[in-house]
Amino acid sequence: MMSMLNPRARAVVAVRALLLGGACFTALAATGAQAQTKPQETPSLPKTTPTGDTTTIETAAGDEVVVSGTRPIRESQDAALRVQKNSDSLVSVLSADSVGRLPDQNIAQAAGRLPGVAVQRDQGQARYISIRGAPLNWTTLAFDGINIISPEGRDARFDSIPSAIAAQIIVKKAVTPDLTAETIAGQVNVVTRSALDYRDVHAAFRLGGGYGDLGGGTEFEGTAVLSKRWNTGIGDIGVLVSGTWYQRKMATDNFETDWESVDQDRRPLGAGEVGPRIWARETENKLYRLMRRNYSGTIRLDWRPNDQNRLFAYSVYSAFTDNELRWNGIYDFDDQQGRVPQLTTACPATPVLAPNTTGYADVCAGNTPLLGTVYGIDINYNALSREFLQSVQTNTIGGDHEVGKWEFNWRVNYTQSVDDRSAPAQINYESPGFGTNGATATQRPTVFYDLRNPSDARVELYRTLRAADGTLSRGARVQQFEDFAIPLSRIRSLRAADVTDAYTGRIVASRRTELFGDTKFTAGFQFDTRTKTVHEFLLDVNPATLVPGSTQTVFARSGVPTTLDAITIPQPYLGQLPLGFNFRYFSKDAIQGLVNAVSPFAQPVFAQGNFFKVNEQVTSGWAMGVTTLDWGNIVYGLRVENVRNTSQAFSQNPALRPGQPANALPQVLQTVQRDFLGVFPSLHVNWNITDEHKLRFSFNTGAARPDYPVLRPNFTFNDANLTISGGNPDARPERARGVDVYWEYYPKFGGFFSLGAFYKDVSNVLFGSTRTFGSDVLNTQGVDRSQYVFSTIVNGGSGYIYGAEATAQFQVDDFDKSDSWLGGFGIQMNATLNRSSARTSNGADARTVRLPGTSDYVLNIGPYYEKYGFSIRAQYQYRSDWLDGLGDLNLATGATTTGGDFYWAADDELDVSARYAITPNFEVYADASNLLNGEGRRYAGVSQRTIEFERFGRRFVAGVRITFN
């Protein structure tokens with residue numbers, strides 16, 4: 001198993017084994033099955049008792065389900081339903097036998113099959129989870145009840161967590177006082193595997209390979225789990241180690257377009273036109289060659305000396321790497337926007353291009369926002385190499401103890417999350433200048449554009465001709481992008497890492513009393529401190545950069561070649577997106593060679609303008625009671641949280657020293673501190689109408705806090721992506737109150753049906769806001785950042801979300817007891833309907849929009865067949881479009897620098913998997929993912945205006961699974 005991990009992961013696992021091995025012999029071991037099945041957060045989870053080749057699952061109500069592995073889909077569903085039925089709050093459960101029976105390499109893919117759960121993808125891989133269509137930051141991630149901070153922050157990222165580490169995935173949709181208040185929509189709790197889940201020795205291996213049809217890349221995956229349980233004179237002791245590896249080589253099709261209204265465009269509107277016109281100011285292709293990897297290592301020690309005491313210690317390391325080569329061709333339509341004619345008269349009958357102009361935003365030149373030709377514009381060839389690493393290392397020790405009528409449990413956790421955003425090489429090539437009145441425009445291309453199809457933006461390249469009066473026209477077509485003069489304009493290398501260190505301590509005490517008949521009171525205290533620190537070092541060299549202490553430029557001293565021939569290679573095009581031109585990929589070694597050539601003469605600079613440090617301290621206390629009555633139970637309680645945020649960053653525009661240029665880098669480190677106190681009551685009523693029917697009612701409250709980068713008191717810029725993000729330390733948490741009413745039906749013959757409704761009202765809604773930066777305050781070292789896309793987070797007004805959710809799952813043999821082959825057919829399906837609204841502010845300029853991140857419809861359909869050792873299963877998911885963030889929009893004039901608000905278009909995906917158990921210990925499998933080859937698309941304002949389009953291709957994997965017990 002260790003050989004499956006890379007050297008870094010092997011070292012991590014080995015060190016943890018030494019550290020935790022010593023802890024084992026000092027009584028720091030884990031509860032195993034009981035630690036997983038009876039945590040403080042979910043007291044009704046089942047207890048597992050391995051016996052031979054079967055596992056008996058005992059629920060809190062005393063029911064038993066035997067999971068033999070002969071029909072694992074059916075058996076694991078039955079077990080999960082008993083857990084769900086006896087839970088004190090609204091939950092959905094996925095068990096270990098179900099995890100992995102689809103192409104569910106990570107937790108997001110696995111949980112995406114549960115009712116009301118939708119996933120959001122990146123490069124075709126499930127990454128984020130939305131519960132009941134709600135915003136991503138309303139969902140929290142936990143390992144065994146301890147909240148985990150994602151490398152990206154509060155938007156919990158699930159693609160770096162392999163599903164193989166999970167014994168169960170529990171999605172909690174109704175918040176109880178023992179959950180952190182930022183859990184508004186729900187919590188995804190990953191219950192990790194334990195050696196005490198198994199009778200003695202357990203070993204499981206999975207090995208597979210496949211390919212993707214876009215780019216013909218290969219895939220490999222491997223999993224190994226080894227555990228041993230000892231029944232000793234001092235109780236049960238268990239050790240479990242596991243490792244996972246997944247890698248995918250792929251290509252991605254992409255185009256992106258930025259939209260704006262143009263002040264100079266003052267011509268009258270034509271028939272059917274609605275003003276102002278929204279023009280594409282820039283379009284581009286980003287064509288990726290990627291190698292992605294996920295890997296993990298786990299070690300867990302368990303000791304259960306008796307039924308009253310359980311101790312454990314474990315460490316989990318999971319990582320996601322993205323080695324990316326990105327070819328980026330940019331067509332800068334508004335390069336000469338200042339030359340747009342500002343006439344208000346109607347256009348002549350025959351289109352005509354004004355002298356010394358490019359035709360941009362000029363309807364009199366025959367152009368429209370979606371179709372036309374621009375003359376003598378700037379194009380860019382950008383070659384980017386990125387080496388991303390996102391990792392989570394979480395370490396927990398804890399115990400559960402029973403002393404008479406009292407129960408105590410405690411947890412201590414340290415988690416480090418790392419987001420390494422390094423881009424070792426970014427090389428930019430750019431067209432020569434336009435020249436006085438277009439004197440050098442003939443060295444630049446003329447570009448025909450057709451943006452009428454939202455899923456297929458086309459451009460064609462032509463030579464530029466210039467008449468004596470300065471009028472430009474289209475010459476011969478050019479098929480090869482690199483045939484234009486595009487000299488080297490910049491060499492960059494970025495080393496950047498965001499590190500979050502989080503510490504958690506928690507202690508909980510419970511006591512069962514006879515108050516109100518049968519009541520269990522619980523009180524707890526928790527302290528969290530989390531610190532996110534961001535460092536960047538940037539090497540940035542352009543043709544004017546001088547060698548320190550010299551009048552010679554770095555380009556001249558280093559002798560770097562300045563033409564594209566130095567980096568391009570004759571590799572065939574890997575994508576499937578139709579292009580109106582040909583291009584040549586670049587060599588990673590060649591662009592890294594340019595960085596290496598200039599490095600002796602220009603050193604990386606600490607980007608203090610991008611530095612920030614945010615510390616969050618959360619002190620929490622809660623009290624809750626569970627009163628059991630003849631007809632069900634009532635769960636009630638209160639949580640109090642005090643939050644202190646302290647953020648540090650270098651401020652912009654400090655008082656200038658004599659002789660200091662106005663665009664000098666920031667010099668002053670400033671500190672901002674904010675406090676927030678919240679009280680969060682909740683109430684849950686669970687009514688057992690009959691043994692088959694259950695009615696749940698809940699009232700809950702919460703507050704979603706702004707993400708850590710939002711709390712920094714400065715701006716951060718990214719030259720590779722031409723973006724600026726801004727801090728807002730005064731951003732307030734979103735406050736939410738909600739109610740849920742659910743009817744659940746557990747027929748005696750099998751299956752499950754439910755119907756529910758929910759409502760939440762929200763104040764201080766957090767909006768992502770995006771516009772053109774429009775200021776030169778960040779212009780340094782010759783870089784103009786005034787036109788970068790600026791994004792930040794702002795508080796709006798109030799809002800709400802309400803909806804309904806329906807679920808049905810059953811198998812034919814629930815109704816037909818004849819043991820016919822037809823009995824193997826089954827289905828799981830659920831649907832969520834949402835409606836939401838929010839005010840963008842409390843001022844006169846407020847607009848009413850949908851709540852960010854909420855989809856109106858979420859649908860999951862999963863038919864399957866399972867019998868005689870064979871199973872085949874399909875999973876279809878649909879999610880309607882959702883608001884991604886606010887754009888820049890003037891309500892009075894309709895003017896916009898972004899094209900409108902940003903939306904993700906509707907997304908659907910179909911996966912299919914098949915398995916056949918040749919023996920009880922040996923299984924073959926085949927998985928097919930993304931069979932619809934659906935697009936990932938964002939748009940601005942209206943669906944016609946695509947701002948980003950990507951397609952990732954279908955993927956196919958086959959392999960074997962081997963299990964020993």
Side-chain angles (χ1 to χ4, degrees), residues 1-13 99-100 102-112 119-129 141 143 148 150-152 155-166 169 188 190 192-193 204-212 217-225 241-250 252 288 290-299 315-324 386-394 415-422 911 913 925 927 929-930 952-953 955-957 959 961:
M1 180 274 299
M2 291 290 286
S3 64
M4 297 170 61
L5 303 178
N6 69 7
R8 176 176 178 178
R10 291 200 300 269
V12 169
V13 172
V99 172
L102 274 180
D104 48 10
Q105 183 274 329
N106 64 53
I107 292 295
Q109 288 173 304
V119 299
Q120 185 172 322
R121 293 172 173 84
D122 176 73
Q123 299 285 1
Q125 188 172 16
R127 173 170 292 185
Y128 304 107
I129 285 178
L141 167 66
F143 280 13
I148 302 298
S150 168
E152 292 186 350
D155 287 350
R157 181 170 177 169
F158 296 85
D159 60 343
S160 63
I161 306 171
S163 57
I165 71 172
I169 300 173
V188 179
V190 179
T192 57
R193 295 177 183 267
F205 306 93
R206 174 180 171 133
L207 184 64
Y211 76 99
T218 55
E219 293 193 29
F220 299 99
E221 61 182 10
T223 300
V225 180
V241 294
S242 69
T244 66
W245 177 272
Y246 169 76
Q247 74 174 37
R248 173 164 56 126
K249 186 177 182 181
M250 59 179 291
T252 299
Y288 296 84
L290 303 170
M291 175 66 81
R292 288 190 159 187
R293 296 183 177 94
N294 294 77
Y295 52 89
S296 72
T298 302
I299 183 167
S315 182
V316 176
Y317 177 84
S318 65
F320 164 85
T321 66
D322 186 358
N323 293 329
E324 173 183 303
R386 296 201 290 196
E387 297 178 354
F388 287 3
L389 167 65
Q390 292 192 331
S391 65
V392 175
Q393 178 183 350
T394 184
T415 297
Q416 183 179 77
S417 298
V418 177
D419 185 6
D420 188 329
R421 301 174 285 105
S422 294
D911 301 328
S913 74
Y925 69 91
D927 297 331
S929 303
N930 195 32
F952 318 104
R955 307 195 309 275
F956 306 92
V957 176
R961 301 201 319 184

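What you see is a predicted model, and the numbers here were worked out from it, not measured in a lab. Sequence positions, counted from 1, serve as the residue numbers for this chain.
Residues passing the side-chain contact (heavy atoms from CB on, under 4.5 Å) test with F388, sequence neighbours excluded: D322, R386, R421. Every side-chain contact (heavy atoms from CB on, under 4.5 Å) that Y925 has, sequence neighbours left out, goes to R206, E221, R915, D927, V957, R961. Residues satisfying the side-chain contact (heavy atoms from CB on, under 4.5 Å) criterion with Y211, sequence neighbours excluded, are D213, F956.
Using a 30° and 60° split on the angle between ring planes, Y317 and Y295 fall in the tilted class, from 30° to 60°.
For the pair A111 and I129, the tightest heavy-atom approach, listed with the atom from each and the gap, is CB-CD1, 3.8 Å. Between P151 and V392, the shortest heavy-atom distance links the atoms CD-CG2, 3.6 Å. Summarising the geometry of A166 relative to V190, their closest heavy-atom pair is CB-CG1, 3.8 Å, with the distance given to 0.1 Å. The two residues D911 and S929 make their nearest non-hydrogen contact at OD1-CA, 3.3 Å.
A 4.5 Å side-chain heavy-atom check between N294 and T244 finds every atom pair outside the cut-off.
Between the OH atom in Y288 and the OG1 atom in T252 there is a gap of 7.5 Å [rounded to 0.5 Å]. Separating the CZ atom in R248 from the CZ atom in R955 is a distance of 4.0 Å, to the nearest 0.5 Å. Atom CZ of residue F158 and atom OH of residue Y128 lie 10.5 Å apart, to the nearest 0.5 angstrom. Expressed to the nearest 0.5 Å, how far CZ of F320 lies from CG of D420 amounts to 12.5 Å. Expressed to the nearest 0.5 Å, how far CD of Q390 lies from CD of E152 amounts to 4.5 Å. For the atom pair CG (L207) and OG1 (T223), the distance works out to 9.0 Å, reported to the nearest 0.5 Å.
Considering Q247, K249, E387 as possible partners of N323, the one that fulfils the side chain to side chain contact (heavy atoms under 4.5 Å, CB included) test is E387.
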T415/T394 under side chain to side chain donor-acceptor pair (under 3.5 Å): CA gap, chis, key distance, verdict = CA-CA 4 Å; T415 297; T394 184; 2.9 Å; yes
May I have the step-by-step check of side-chain contact (heavy atoms from CB on, under 4.5 Å) for L141 and I161, ending in yes or no?
-> CA-CA 11 Å; L141 167 66; I161 306 171; 3.4 Å; yes
Decide side-chain contact (heavy atoms from CB on, under 4.5 Å) for E219 and Y246; before the verdict, give the C-alpha distance in whole Å, the side-chain angles of both, and the deciding distance to 0.1 Å.
-> CA-CA 7 Å; E219 293 193 29; Y246 169 76; 3.1 Å; yes
